[in-house]
Amino acid sequence: MSTATDKRKAPAGERVADWADGRLGIYSLAKANMRKIFPDHWSFMLGEVALYSFIIIILTGVYLTLFFHPSMNEVEYHGSYVPMQGVLMSEAYASTLDISFDVRGGLLIRQIHHWAALIFLAAMMVHMMRVFFTGAFRKPREINWLFGFLLFVLGMFTGFTGYSLPDDLLSGTGVRFMQGAILSVPVVGTYLSMFLFGGEFPGGDIVARFYSIHILLLPGIMLGLLVAHLILVFYHKHTQFAGPGRTNNNVVGMPLLPIYMAKAGGFFFLVFGVISVISAIASINPIWALGPYRPDQVSTGAQPDWYMGFSEGLIRVMPGWEINLWGHTLVLGVFIPLVIFPLVLATIAVYPFIESWVTGDKREHHILDRPRNAPTRTAFGVAWLTWYFVLLIGGGNDLWATHFHLSINSITWFVRIFFFAGPVLAFIITKRICMGLQRRDKDKVLHGRESGIIKRLPHGEFVEVHEPLTQEALHTLTAHQQYTPREIGPTVDENGVERKVSRTERLRARLSKAYYGKDNQVAKPTVEEYKDITSGHGHH
């Protein structure tokens with residue numbers, strides 16, 4: 001007698017999952033990564049703000065492309081915005097007015113798109129500063145630093161092409177500014193301008209070309225870099241601050257699923273909500289108040305978005321130097337800033353490799369530095385930020401003059417002076433502050449925390465009672481590594497033969513001493529010092 005077993009079919013969802021797993025290996029991929037541990041610290045949310053802002057930009061940008069017409073063909077406006085009726089303008093400007101006044105939710109989406117772009121670049125900059133100041137760019141994350149840097153630079157140019165699309169008077173002035181910079185390039189400047197604009201400025205192709213660059217080329221590259229950036233974050237594991245139980249070989253935190261994903265999802269909607277509220281109550285780029293672009297007009301108080309103020313400041317404060325050679329004029333007042341701008345960006349990009357070369361450190365680093373424990377690096381970062389903000393003042397010198405009733409010449413000379421003096425002063429002051437904080441940390445380790453309790457000793461002296469630090473606090477204050485400056489070593493070998501020391505080796509030794517010499521780090525308290533003081537010798 002035979003019996004037939006009843007084989008029940010799996011649910012449809014499980015069968016689909018099994019089918020996909022047999023072809024894509026989803027189960028093993030999820031098992032390896034869905035429980036990945038991420039540390040929990042507020043500063044790590046800065047990168048998330050940039051990521052979520054980028055997603056918001058993509059979503060709102062797709063909506064705007066449905067209604068925008070990237071054409072410079074001239075039309076007469078007959079839309080619902082009465083003050084502009086009958087005015088000749090490009091189709092790009094007319095369609096932007098239609099989005100703002102005739103498309104349901106169009107103005108809000110435009111505002112969200114623009115505000116998200118500003119917040120994306122601001123979050124990117126602050127995130128990169130967090131990475132810089134904590135040393136998170138060190139091996140094995142140098143390539144990820146380059147990916148993040150390229151994302152920031154491409155974001156700048158994506159923003160520039162984006163706010164140039166409406167073809168309003170403000171954006172047209174910005175494009176004219178860019179064309180002037182291109183024309184200052186010797187030999188090829190005029191050819192580059194003719195190629196970009198399709199003829200004499202403003203031509204008839206610039207909006208269509210910027211449109212393709214803005215919605216296809218640059219976002220596609222940025223999306224690829226973003227995916228590569230996140231893959232490397234997964235592959236290298238996340239950095240973490242020093243603390244008990246945290247080493248270069250582990251990560252202390254919460255798993256990706258379900259805890260981190262739940263928190264990240266909530267944070268995304270929080271970022272989206274904040275940007276939406278800002279967009280609803282704070283108007284940005286009101287093109288209807290500016291009018292369509294005309295080459296013979298310039299918008300009063302024309303300013304680029306903040307991330308381009310650095311480059312504009314360079315040109316505004318540069319003296320109007322010119323050189324005339326063989327019947328040709330070289331406009332140094334524009335060309336020199338045009339050269340400085342990419343050089344500064346390139347220096348930022350290669351800094352991780354410079355520091356690695358100076359220190360000779362080839363080890364992997366997964367524990368972050370406290371900025372005070374790397375005073376030279378921190379001072380460089382603050383000096384660069386100071387330089388950036390000084391040039392932002394230069395980029396808006398006309399607005400500073402009109403709003404604060406100052407002389408525009410005085411502001412320009414202030415920027416010219418502090419262009420050189422500001423970063424130097426910021427470097428010196430920051431370094432001294434870091435050294436002071438290091439000394440305070442050493443004092444806290446040896447003597448404990450000030451409790452605010454005053455005690456009178458038998459002989460009448462009043463002292464403040466110090467409470468000993470917890471083991472966690474002691475670990476945090478003493479876990480950092482201290483480098484020994486590189487030495488050139490003996491220049492004569494055991495046989496009395498003089499060794500030739502290259503200039504590169506001498507330079508490397510000097511830079512290493514400047515980074516980690518006597519005046520750049522306070523020696524950590526030793527176990528003997530700690531035991532001597534806590535045992536009661538030499539203190540109250």
Side-chain angles (χ1 to χ4, degrees), residues 29-30 32-34 36-59 61 116-159 162 213-241 248 251 253-257 260-261 263-265 267-268 271-272 307 345-356 364-369 381:
L29 183 66
N33 294 291
M34 290 300 100
K36 190 175 183 65
I37 301 300
F38 281 84
D40 194 11
H41 191 271
W42 67 266
S43 65
F44 301 148
M45 298 168 68
L46 298 171
E48 293 184 44
V49 173
L51 173 63
Y52 302 152
S53 301
F54 183 75
I55 294 173
I56 294 168
I57 292 170
I58 297 296
L59 294 176
L118 297 181
I119 292 173
F120 166 72
L121 284 160
M124 277 288 296
M125 184 173 181
V126 178
H127 174 61
M128 289 183 68
M129 289 299 99
R130 196 276 300 173
V131 171
F132 180 86
F133 286 126
T134 59
F137 55 77
R138 294 172 294 177
K139 184 182 178 181
R141 297 176 178 83
E142 300 97 331
I143 302 300
N144 225 8
W145 168 267
L146 289 177
F147 286 166
F149 169 80
L150 289 174
L151 275 169
F152 180 73
V153 173
L154 291 176
M156 291 171 58
F157 288 101
T158 306
I213 294 172
H214 181 72
I215 72 166
L216 293 176
L217 179 62
L218 295 181
I221 298 173
M222 291 177 68
L223 192 59
L225 288 171
L226 179 61
V227 172
H229 185 78
L230 295 177
I231 288 174
L232 287 179
V233 169
F234 265 78
Y235 177 71
H236 292 143
K237 74 186 179 184
H238 207 292
T239 53
Q240 58 187 340
F241 285 97
N248 275 317
V251 178
M254 299 295 180
L256 180 63
L257 278 179
Y260 188 81
M261 287 298 292
K263 294 171 67 175
F267 190 47
F268 168 75
V271 171
F272 205 154
Y307 47 86
L345 295 178
T347 304
I348 297 170
V350 302
Y351 180 85
F353 304 96
I354 296 174
E355 183 172 308
S356 176
E364 289 193 2
H365 293 273
H366 303 290
I367 300 296
L368 299 173
D369 287 333

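Keep in mind the model is a prediction, meaning the values are calculated, not measured. Here, residue 1 is the first one in the sequence, and each next residue gets the next number.
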### With sequence neighbours excluded, residues passing salt bridge (charged side-chain N to carboxylate O under 4.0 Å, His left out) with Lys263
Asp40

### Message
Among residues at least two apart in sequence or on other chains, which ones pass side chain to side chain contact (heavy atoms under 4.5 Å, CB included) with Leu121?
### Response
Phe152, Met156, Trp306, Tyr307

### Query
Does Ile55 reach the side chain of Phe268, with side-chain heavy atoms less than 4.5 Å apart?
yes

### Task
Identify, with sequence neighbours excluded, every residue that meets salt bridge (charged side-chain N to carboxylate O under 4.0 Å, His left out) alongside Arg138.
Asp369

### Residues in side chain to side chain contact (heavy atoms under 4.5 Å, CB included) contact with Thr158, at least two apart in sequence or another chain
His214, Leu218, Met222

### Query
Stepwise, does the side-chain contact (heavy atoms from CB on, under 4.5 Å) test hold for Phe38 with Val251?
CA-CA 7 Å; Phe38 281 84; Val251 178; 6.0 Å; no

### Task
Output the distance between atom CG (Leu151) and atom CG (Leu146), rounded to the nearest 0.5 Å.
11.0 Å

### Task
Output, in order, the C-alpha distance, side-chain angles, deciding distance and verdict of side-chain contact (heavy atoms from CB on, under 4.5 Å) for Leu154 and Leu225.
CA-CA 10 Å; Leu154 291 176; Leu225 288 171; 3.6 Å; yes

#### Entry: Spatial distance of atom CG (Leu150) from atom CG (Leu226) [nearest 0.5 Å]
12.5 Å

### Query
Under the ring-ring contact (aromatic ring centres under 6.0 Å, His included) test, which residues partner Phe267, sequence neighbours left out?
Tyr52

### Query
With Ile231, which residues qualify under side chain to side chain contact (heavy atoms under 4.5 Å, CB included), at least two apart?
Val227

### Summary
Arg130 meets the side chain to side chain donor-acceptor pair (under 3.5 Å) criterion, sequence neighbours left out, with none

### Query
Got a sec, which residues hit ring-ring contact (aromatic ring centres under 6.0 Å, His included) with Phe353, two or more places apart in sequence or on another chain?
none

#### Entry: Nearest heavy-atom neighbours spanning Ser53 and Val271
OG-CG1, 4.3 Å

### Query
Do Arg141 and His366 come close enough that some side-chain heavy atom pair is under 4.5 Å?
yes

### Query
Of all residues at least two apart in sequence or in a different chain, which pass the ring-ring contact (aromatic ring centres under 6.0 Å, His included) check with His41?
Phe44, Phe241

### Which atom of Pro219 lies closest to which atom of Ile213, heavy atoms considered
CD-O, 3.6 Å

### Query
Looking at His236 and Pro140, what are the two nearest heavy atoms and their distance?
CE1-O, 3.1 Å

### Query
Do Leu223 and Phe54 pass the side-chain contact (heavy atoms from CB on, under 4.5 Å) test, and can you show the C-alpha distance, the side-chain angles, and the key distance before you say yes or no?
CA-CA 9 Å; Leu223 192 59; Phe54 183 75; 3.9 Å; yes

### Query
Once you round to the nearest 0.5 Å, how far does OG of Ser356 lie from NE2 of His365?
8.0 Å

### Task
Go through the steps for Met261 and Leu256 under the test side-chain contact (heavy atoms from CB on, under 4.5 Å), then give the verdict.
CA-CA 6 Å; Met261 287 298 292; Leu256 180 63; 3.8 Å; yes

### Task
Check whether any side-chain heavy atom of Ile367 lies under 4.5 Å from a side-chain heavy atom of Thr239, and answer yes or no.
no

### Query
So which heavy atom on Ile143 is nearest to which on Leu232, and how close?
CG2-CD1, 4.3 Å

### Task
Mind checking side chain to side chain contact (heavy atoms under 4.5 Å, CB included) for Met254 and listing every partner two or more places apart, or none if nothing turns up?
Ile259

### Message
Could you work out, with ring-ring contact (aromatic ring centres under 6.0 Å, His included) as the rule, every residue matching Phe137, not counting sequence neighbours?
### Response
Phe132, Trp145, Tyr351

### Task
Please report the shortest heavy-atom distance between Pro39 and Gln240, naming the atom on each side.
CB-CB, 4.1 Å

### Query
Nearest heavy-atom pair of Ala123 and Ala50: which atoms, and what distance?
CB-N, 3.6 Å

#### Entry: Short side-chain to backbone donor-acceptor contact, Lys237 and Asn248, under 3.5 Å
yes

### Query
Who passes side chain to side chain donor-acceptor pair (under 3.5 Å) against His229, sequence neighbours left out?
Asn144

### Task
Quick one: pull up CZ in Phe149 and CE in Met124 and give me the separation to the nearest 0.5 Å.
10.0 Å

